[in-house]
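Below you'll find the structure, written out as structure tokens, and then a few comments.
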2 protein chains.
Amino acid sequence: MTAYKRHIDNTAISDLTVARLSVYLRCMDRLLELGIETISSQALADRFNLNSAQIRKDLAYFGEFGVRGVGYNVRELRQYVVEILGLDRERRLIIVGAGNLGTALCHYSGFSGGNFLVVGILDSDPSRIGDPTPAGLLVEDAARLGEIVTQRQVEIGVITTPASAAQSISEKMAEAGLKVILNFAPIRVRADEGVLVKTVDLGVHLEELSFHLTHV
Amino acid sequence: MTAYKRHIDNTAISDLTVARLSVYLRCMDRLLELGIETISSQALADRFNLNSAQIRKDLAYFGEFGVRGVGYNVRELRQYVVEILGLDRERRLIIVGAGNLGTALCHYSGFSGGNFLVVGILDSDPSRIGDPTPAGLLVEDAARLGEIVTQRQVEIGVITTPASAAQSISEKMAEAGLKVILNFAPIRVRADEGVLVKTVDLGVHLEELSFHLTHV
DNA sequence: CGGACCATGTGTGCATTTTCACAAGCGCGA
DNA sequence: TCGCGCTTGTGAAAATGCACACATGGTCCG
Ligand SMILES: NC(=O)c1ccc[n+]([C@@H]2O[C@H](COP(=O)([O-])OP(=O)(O)OC[C@H]3O[C@@H](n4cnc5c(N)ncnc54)[C@H](O)[C@@H]3O)[C@@H](O)[C@H]2O)c1
Ligand SMILES: NC(=O)c1ccc[n+]([C@@H]2O[C@H](COP(=O)([O-])OP(=O)(O)OC[C@H]3O[C@@H](n4cnc5c(N)ncnc54)[C@H](O)[C@@H]3O)[C@@H](O)[C@H]2O)c1
């Protein structure tokens, strides 16, 4: 139940594997809700529409968590995945852009059971600064970004401004020392080496659905 | 400028290709803003950090849109991509779950230049029904889903309820005739053959970022 | 009108990801 | 204690995705 084999060798872990680990975590949570304490990779795959070999291979990058002939202990495996994903400590984040999406995210405390903590929401519009959000935070001046990141030990930046501001904000975030950024603006942001910008473009998803509608 | 070679042969188009077409569309929009009317795949790749061969191959599934020795006409190519993605007609969608995220999405009219139209927002909570949203729609009773889908010719369903309700809502949507569903609840929804459920789990993205933070 | 030039469209090979299939290992019951 | 049954962990194969490189076929200029 303690440490997992930290991935130290030179082979990089694929993004796809990491994303699936998140999915497995949700599966564990669901199983615990159902009172299931032990499960085989096959039963897991059947229940959640996954592939059993892929589950085993994904986990094998980080250690041997199962018992042959038996399967996995759900509670233990959940804890291992939590450690692998780095969810065993608080992650502080700020949101830049206190519009519709920014405030919705701010209010949403349910991220992974409270490990992600919104410690600031910033905007450049003077008429919005000082506004309270439903979550109890006040909107602060985006010009104070660097200062806030340092003082509140922020690790993650979230961009919910219009696309036109996204590039410059990501640069300011990188300058302030943030290493990972989640960008909701529909634009491909360029980032320096060592800074990871993950863009989530909801428009792309809707357009994929539109494609499926037109192509039977 | 009329029709593109409709993909009718047996080879399926990859999801990754479709997602990239959306990206190309945004690139075209940006180029037109800049007043650029013609561009080669190489110049496009350089400017937006893409691969020129991949651009050509993605487009080649649907026809020959370029001119050898010259490149692509930006305006024309944009129109072709619009047709390929089925964005040349209005797509009506309803949102089920009038909470934080649901209302934020409802208010967001900027989807692909207005081709996606929110024609209803539903909730099961009696105290929310009748509430106005910033966009001018009133929240309606989720029990009327089937009726609303038929009357308003809805094609796309969006789920922004808690995870516990997502499965049953997606089934009701499928029953009402919807063929594609965008699900924001953090749960893997099972769907019948012929119904496409695309889940966008924001928690997964944050957890990916957390992984990168812990693994240098 | 012809040839030099240039970027597309595509055949081919490489890389990554997924799936298969089985030897190795653990528990349990006799 | 031993063997049987079950599931893991893992090489090897299949499938998928990506990138190179060049023949093809237009443009344009002399
Ligand atoms: N609302 C949605 O449902 C939704 C859905 C998909 C994508 N998006 C994208 O998310 C982004 C935000 O959407 P929204 O609906 O919340 O928009 P919004 O207009 O409601 O909010 C944007 C906020 O950003 C602020 N802002 C602008 N420039 C800034 C800067 N330089 N520094 C700090 N703050 C700045 C504005 O003052 C405003 O408050 C957009 O890029 C949009 O395309 C939104
Ligand atoms: N708010 C966010 O920023 C955010 C971010 C990521 C993911 N999500 C996910 O999106 C979903 C919605 O989040 P939210 O913050 O808007 O939650 P919310 O609680 O504000 O809203 C949920 C709404 O769904 C309604 N509802 C519940 N059961 C229903 C049913 N059976 N039929 C119709 N309506 C029903 C509720 O009455 C409520 O109005 C959740 O699954 C959440 O995990 C939200």
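In the text below, chain A, chain B and the rest are named by the order of the sequence lines, each starting its count at 1.
Extent of DNA chain D lying under 4.0 Å from chain B heavy atoms, first and last nucleotide in 5' to 3' order, is D:dG17 to D:dT27.
Applying the salt bridge (Lys or Arg N to Asp or Glu O under 4.0 Å) test to residues at least two apart or on different chains, none of the pairs has a partner in residues 174-196 of chain B. Listed by first and then second residue, the salt bridge (Lys or Arg N to Asp or Glu O under 4.0 Å) pairs involving residues 84-106 of chain B are B:Arg89-B:Glu155, B:Glu90-B:Arg92, B:Arg91-B:Glu155 (not counting sequence neighbours). The salt bridge (Lys or Arg N to Asp or Glu O under 4.0 Å) contacts involving residues 93-108 of chain B comprise nothing, where partners must be two or more places apart or lie in separate chains.
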Please tabulate, for side-chain N and O atoms in residues 28-37 of chain A, each donor-acceptor pair with protein atoms closer than 3.5 Å (sequence neighbours left out).
{"residue": "A:Asp29", "atom": "OD1", "partner": "A:Arg78", "partner atom": "NE", "Å": "2.4"}
{"residue": "A:Asp29", "atom": "OD1", "partner": "A:Arg78", "partner atom": "NH2", "Å": "3.3"}
{"residue": "A:Arg30", "atom": "NH1", "partner": "A:Glu33", "partner atom": "OE1", "Å": "2.8"}
{"residue": "A:Glu37", "atom": "OE1", "partner": "A:Arg75", "partner atom": "NE", "Å": "3.4"}
{"residue": "A:Glu37", "atom": "OE2", "partner": "A:Arg75", "partner atom": "NH2", "Å": "2.6"}

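In the helix from C:dC1-D:dG30 to C:dA30-D:dT1, the rotation axis of the first five pairs and that of the last five pairs differ in direction by 0°, rounded to 10 degrees.
OP1 and OP2 of C:dA7 both lie 4.0 Å or more from every side-chain N or O belonging to B:Ser40.
A pairwise comparison of heavy atoms in B:Ala166 and B:Asn183 identifies CB-OD1, 4.0 Å as the closest pair. Across all their heavy atoms, B:Ile121 and B:Cys106 have their closest contact at CD1-CB, 4.1 Å.
Under a 3.5 Å cut-off, the side chain of B:Ser40 and the backbone N or O of B:Gly71 do not form any donor-acceptor pair.
For B:Ala143, the side-chain contact (heavy atoms from CB on, under 4.5 Å) test picks out B:Asp141, with sequence neighbours left out. For the side-chain hydrogen bond (donor to acceptor under 3.5 Å, both in side chains) test, residues two or more places apart in sequence or in another chain that qualify with B:Arg152 are B:Glu140. By the salt bridge (Lys or Arg N to Asp or Glu O under 4.0 Å) test, B:Asp58 is found to be paired with B:Arg20, residues two or more places apart in sequence or in another chain being considered. The side-chain contact (heavy atoms from CB on, under 4.5 Å) test applied to B:Asp123 returns B:Ala98, B:Asp125, B:Arg128, B:Val139, not counting sequence neighbours.
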Original post:
Which letters describe nucleotides 23-30 of chain C, given B = protein heavy atom under 4.0 Å from base, S = only from sugar-phosphate, - = neither?
Top reply: -BBBS---
Name the pairs: protein N/O against N/O of nucleotides 17-20 of chain C, kept only if under 3.5 Å.
{"residue": "C:dT18", "atom": "OP1", "partner": "A:Arg20", "partner atom": "NH1", "Å": "3.1"}
{"residue": "C:dT18", "atom": "OP2", "partner": "A:Arg20", "partner atom": "NH1", "Å": "3.3"}
{"residue": "C:dT18", "atom": "OP2", "partner": "A:Arg20", "partner atom": "NH2", "Å": "3.0"}
{"residue": "C:dT18", "atom": "OP2", "partner": "A:Gln54", "partner atom": "NE2", "Å": "3.1"}
{"residue": "C:dT18", "atom": "O5'", "partner": "A:Gln54", "partner atom": "NE2", "Å": "3.1"}
{"residue": "C:dT19", "atom": "OP2", "partner": "A:Asn51", "partner atom": "ND2", "Å": "3.4"}
{"residue": "C:dT19", "atom": "O4", "partner": "A:Lys57", "partner atom": "NZ", "Å": "3.3"}

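Counting heavy atoms from C-beta outward, A:Phe116 and A:Leu87 have side chains that approach closer than 4.5 Å.
Between the OH atom in A:Tyr24 and the OG1 atom in A:Thr17 there is a gap of 7.5 Å [rounded to 0.5 Å].
B:Leu44 has its CG atom 13 Å from the P atom of C:dA7, to the nearest Å.
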